[in-house]
Structures are given as structure tokens and as C-alpha cells.
Amino acid sequence: VEPQQDTFDWRLYDPVVEDALAHGLRIYATIAYTPAWATAGPEWTGVPLRTADWEDVCYRAAQRYAGRIDAWGMWNEPNVSRFWSGSRADYIYKILKPGSAAVHAADPDAKVCGPELAHLQSADWDGWLDEVIRRADGALDVVTHHLYPDGSDSRSVARALIADRNRPWEPPSVRQVLEAAGWLGRPFWLTETGYNAASGTI
């Protein structure tokens with residue numbers, strides 16, 4: 001969208017939005033990734049050098065698609081190094097909070113969602129989720145999560161999210177983390193899921 005600072009190109013997304021709405025679909029859009037000019041870290045995953053640049057693109061996106069995009073995700077799977085090179089604090093204070101404020105300023109009716117974590121013990125999903133909710137729940141309208149079972153059917157994903165057991169994932173359950181952080185009973189969306197189709201049908 002912003003290949004150079006203050007140069008914006010929406011040509012890829014404008015027709016996607018129009019086509020989706022023409023087919024009766026509502027859109028959940030994730031804003032993410034850092035162009036090389038905007039970071040001293042790795043392109044794509046690096047922490048923005050200036051929070052104002054991140055706020056600007058969040059504001060412009062929400063303003064451009066106000067009334068057409070209902071919900072905005074703040075980054076994708078920041079607990080996985082292939083998507084985010086910064087720390088947990090960097091995500092909370094340089095992405096989530098300023099991005100949320102910008103989206104809400106541009107479109108007060110939009111929902112801000114996150115942290116879109118990958119449900120991986122190796123990526124400390126539960127530590128991330130607990131800390132993000134405790135430190136930044138004022139910035140969130142919806143907590144979002146990504147979960148991919150291995151060798152399960154689609155209904156098993158929903159069952160496993162609330163189950164207090166250690167199969168097919170290790171404890172704690174998502175429900176336990178939400179409850180401990182004070183989010184249980186508030187909006188929670190599963191925004192990515194699926195299962196391996198190599199061994200069967202989807």
C-alpha cells in the first residue's frame with residue numbers, strides 16, 4: 001500500500017473490497033508488515049522506525065474503507081518470528097495501541113481486533129495472549145486467535161478451544177487464558193483455522 005513514504009497505492013485492494021461486498025461478504029482485514037523504508041530491522045517483519053508512519057497507514061485504511069470494512073486486525077501472528085521481529089512490548093505499544101487509536105479515529109464504528117496469535121507452545125502463545133489482554137485490552141474490541149489442528153476435522157477446532165484437556169494441544173486451554181486475563185465473556189473470534197488436507201478432504 002505504501003511502497004514509498006507518503007506514496008499510496010490502493011489498486012490491489014479496492015476491487016477486492018468491492019467484489020466482496022457485491023457478493024454479500026463482510027470483510028475482516030489485517031494491517032501488517034513493514035516496507036524497507038519504514039524500519040531499521042528486516043523488511044516485512046521489522047519494527048516501524050516511527051510510530052506515526054504506522055498510525056498514518058492505519059488511519060488511511062480505515063478512513064478509505066469506512067462503512068465497507070467492519071473489522072481491522074493489528075498485524076498477523078506477532079508471536080512468530082517469521083512475521084514479527086520485535087518484542088512483545090514493541091507489538092503492544094508500537095503496533096496495537098497506536099494502530100487501534102488511529103482506526104477508531106478514522107472510523108468509530110470499526111472493530112479493532114488482535115493479537116491474531118499462532119497457537120504454538122513454541123511461540124509462547126499463552127504468555128503473549130495474557131500479556132496483550134492485560135496491557136492493552138482498552139485497544140481491543142475483539143480478541144482474535146489462529147488455530148490449526150493436525151489430523152482433525154473443522155468442528156474439533158471449536159471444541160478444543162474451550163476444552164479443559166490436553167489433547168490435541170497442551171494446557172492451558174484458550175478459555176483458561178481468557179478467563180485469567182479477564183476477557184472471558186467478551187468477543188473472541190477464531191480468524192484462521194484449517195487442517196492438513198494431504199491425508200483427506202477438507
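The figures that follow rest on heavy atoms only: side chains count, while hydrogens, waters and symmetry mates do not. None of these values were measured; they are calculated from a predicted model. Residue numbers run from 1 in the order of the sequence given.
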Inset, instruction - Say whether L117 and L184 are linked into one hydrophobic cluster, either directly or through other cluster members, by side-chain heavy-atom distances under 4.5 angstrom. - result: yes
Legend entry - Those residues that, when tested against W54, pass ring-ring contact (aromatic ring centres under 6.0 Å, His included) (two or more places apart): W75
Inset, instruction - First locate atom CG of L190, then atom CZ of F188, and finally report the distance between them rounded to the nearest 0.5 Å. - result: 6.5 Å
Legend entry - Connected via hydrophobic side-chain network under 4.5 Å: V80 and W84: yes
Inset, instruction - Using the salt bridge (charged side-chain N to carboxylate O under 4.0 Å, His left out) rule, collect all pairs that involve residues 31-40, keeping only residues at least two apart or in two chains. - result: none
Legend entry - Within residues 28-37 or reaching into it, pairs that qualify as salt bridge (charged side-chain N to carboxylate O under 4.0 Å, His left out) - sequence neighbours excluded: none
Legend entry - Check: E116/T30 side-chain N/O donor and acceptor closer than 3.5 Å: yes
Legend entry - Other residues, nucleotides, ligands: >12 heavy atoms within 6.0 Å of Y13 OH: no
Inset, instruction - With sequence neighbours left out, write down each residue that passes side chain to side chain contact (heavy atoms under 4.5 Å, CB included) with D14, or none if nothing qualifies. - result: W10, R64, Y65
Legend entry - side chain to side chain contact (heavy atoms under 4.5 Å, CB included) involving P15 - partner list, sequence neighbours excluded: none
Legend entry - Straight-line distance of M74 CE to L140 CG, nearest 0.5 Å: 9.5 Å
Legend entry - Sequence neighbours excluded - salt bridge (charged side-chain N to carboxylate O under 4.0 Å, His left out) pairs with any residue from residues 28-47: none
Legend entry - side chain to side chain contact (heavy atoms under 4.5 Å, CB included) evaluation trace for V17 with I27: CA-CA 8 Å; V17 170; I27 300 168; 3.9 Å; yes
Inset, instruction - With sequence neighbours left out, write down each residue that passes side chain to side chain contact (heavy atoms under 4.5 Å, CB included) with A40, or none if nothing qualifies. - result: L49
Legend entry - Separation between CG of D126 and CG of L178, rounded to the nearest 0.5 Å: 11.0 Å
Using distance only, find each side-chain donor-acceptor pair of residues 1-8 under 3.5 Å and give its atom names and separation, not counting sequence neighbours.
| unit_1 | atom_1 | unit_2 | atom_2 | d |
| --- | --- | --- | --- | --- |
| E2 | OE2 | D6 | N | 2.8 |
| Q5 | NE2 | D53 | OD1 | 3.1 |

Inset, instruction - Output the distance between atom CH2 (W125) and atom CG (D130), rounded to the nearest 0.5 Å. - result: 9.5 Å
Inset, instruction - Would you check if the side chain of T34 reaches a backbone N or O of V47 as a donor-acceptor pair within less than 3.5 Å? - result: no
Inset, instruction - Please check if any side-chain donor atom of Y91 sits under 3.5 Å from a side-chain acceptor atom of N79, or the reverse. - result: no
Legend entry - same_hphob_cluster(F83, Y93) at 4.5 Å side-chain heavy-atom cutoff: yes
Inset, instruction - Taking the side chain as every heavy atom from C-beta outward, state whether V177 and P172 have any pair of such atoms under 4.5 Å apart. - result: yes
Legend entry - side chain to side chain contact (heavy atoms under 4.5 Å, CB included) partners for E131, two or more places apart: R88, I92, R135
Inset, instruction - For W189, enumerate each residue passing the ring-ring contact (aromatic ring centres under 6.0 Å, His included) test, keeping only those at least two apart in sequence or located in another chain. - result: none
Inset, instruction - To the nearest 0.5 Å, tell me how far N76 CG sits from T45 OG1. - result: 12.0 Å
Inset, instruction - Please report the closest heavy-atom contact between R82 and W44, naming both atoms and the distance. - result: O-CD1, 4.2 Å
Inset, instruction - Would you list the pairs meeting salt bridge (charged side-chain N to carboxylate O under 4.0 Å, His left out) in which at least one residue belongs to residues 17-38, sequence neighbours left out? - result: E18-R68, R26-D70
Listed pairs under 3.5 Å, donor-acceptor, residues 101-114 side chains, sequence neighbours left out:
| unit_1 | atom_1 | unit_2 | atom_2 | d |
| --- | --- | --- | --- | --- |
| H104 | ND1 | S100 | O | 3.3 |
| H104 | ND1 | S100 | OG | 3.4 |
| H104 | NE2 | D141 | OD2 | 2.7 |
| D107 | OD1 | D109 | N | 3.2 |

Inset, instruction - Please confirm whether H146 and H119 have ring centers closer than 6.0 angstrom. - result: no
Legend entry - Nearest-0.5 Å distance that lies between atom CD1 in I31 and atom CD1 in I69: 8.5 Å
Inset, instruction - Say whether V143 and Y28 are linked into one hydrophobic cluster, either directly or through other cluster members, by side-chain heavy-atom distances under 4.5 angstrom. - result: no
Inset, instruction - With the side chain counted from C-beta on, respond yes when D137 and R186 share a heavy-atom pair under 4.5 Å apart, and no when they do not. - result: yes
Inset, instruction - Decide side chain to side chain contact (heavy atoms under 4.5 Å, CB included) for E192 and E77; before the verdict, give the C-alpha distance in whole Å, the side-chain angles of both, and the deciding distance to 0.1 Å. - result: CA-CA 10 Å; E192 261 192 50; E77 300 186 356; 3.8 Å; yes
